[in-house]
Amino acid sequence: MNFNIALIRGDGIGPEVTDEAVNVLNAVGKAFGHSFTFRQALAGGAAIDALGAALPPETLAACRASDSVLLGAVGGWKWDVLPGDQRPETALLGLRKELGLYANIRPAILFSELAGACPLRPELIGGGLDIVIVRELTGGIYFGDKGTGQDGAETYAYDVERYSESEVRRIGISAFEMARKRGKRLTSVDKANVLESSRLWRRVITDLGEGYPDVELSHMYVDNAAMQLVRCPKQFDVIVTSNMFGDILSDEASMITGSIGMLPSASLAAGNFGMYEPIHGSAPDIAGQGKANPIASILSAGMMLRYTFGLLDEAAAVERAVKAVLAQGYRTPDMAGATPGGDITAVGTAEAGRLIAAAVAAQAGQP
Ligand code: NAD
């Protein structure tokens, strides 16, 4: 089968890690008899420099004409001087809104090979960790009414958190379906003791739960969830929460798994369309040095195979290839301290990508 992918390599380490994800996808194509056609498009700082806008219309058109989008990362010091509404990161909000990407899926998986990178005590994570956070991505306070004003001599500012029943219902369905395919436990995180929007959220999720009797639903306040994630992370299977709470909790969960360079994400629209990207940013401090970890980008491509293309065996092959390369002791510098005393070989971005692509090919018996 042929699949069309809009490729937004982005800024900083974005192009470096995305190129390795492309190499791995091409290895998947060769091993399983598919072809992937990549259509390059600009967003973020690269688009500001070349086309004068962080999210040019031709980029949106390229995304809409594709089956899915693979994004590196956007942003960097060079553009930090720009006003807020012109910065590279505005491209992300624009892509989410314009492409209707309302469900952000962030797995937080601790690979047993990297257990040493987890900052929690071993007994808290014994047997590994596998949590999925489903974050609402196009509503809530990040997209609500906002502004500043003057109250006498004092300046004030406000951001409005607003959710409709239908917004909560559609992310709730994504989360229940995800839980149904996994450990059948869903924790809905809100702040219903204080926020009206959270009370609506809790009511809609509770009602939805009646249609999923096989999924064990629980509710948790966000402050408690932040605490429980480090106190007893294994209690969680799938977490569903609002845009801002999800932003914060998913970064917290990512730290439990060691390096930010390991974690992929999917942002899904209705149907199978999705945008896939590592959770990390453009890492300007290491850009151009060939030492970024490409695994988050490669696993994002794996999520694309699973969620948009429905290629489950191919996705599993990518995940197995990553595990195999880690098990052989190869580490980019961010992971090098994760297995102290082990038989570790330090590798750069391109070599890590080549090894993972080769491990995919090896599964199909190809040299
Ligand atoms: P960051 O994720 O880019 O970097 C944080 C730290 O993690 C840095 O020390 C970096 O070197 C390291 N790191 C990140 N990815 C890594 C990888 N793959 N391998 C090894 N080390 C890695 O976060 P930041 O420094 O807060 O942001 C830098 C820029 O990226 C900013 O302009 C920010 O706005 C932007 N950003 C973009 C996205 C996105 O495009 N989705 C997300 C977050 C931040």
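Counting starts at 1 for both ligands and their atoms, following the listed order.
- Between Y142 and D159, the side chains place no donor N or O within less than 3.5 Å of an acceptor N or O (distance only, hydrogens not considered).
- Side-chain N or O atoms of S282 include one that pairs as donor or acceptor with a backbone N or O of G75 at under 3.5 Å.
- Near ligand 1, residues I13, A73, V74, G75, G76, E89, L92, I260, G261, E277, H280, G281, S282, A283, P284, D285, I286, A292, N293, D334 each place a heavy atom inside the 4.0 Å sphere around the ligand atoms.
- Looking only at atom types and distance, the side chain of E351 has no donor-acceptor partner in the side chain of Y330 under 3.5 Å away.
- Under the 3.5 Å distance criterion, with hydrogens and angles disregarded, a donor-acceptor pair is assigned to the side chains of R106 and S250.
- Judged purely by distance below 3.5 Å, without hydrogens or angles, the side chains of S267 and N104 pair a donor atom with an acceptor atom.
- Side-chain contact, T206 with H219: a donor N or O sits under 3.5 Å from an acceptor N or O.
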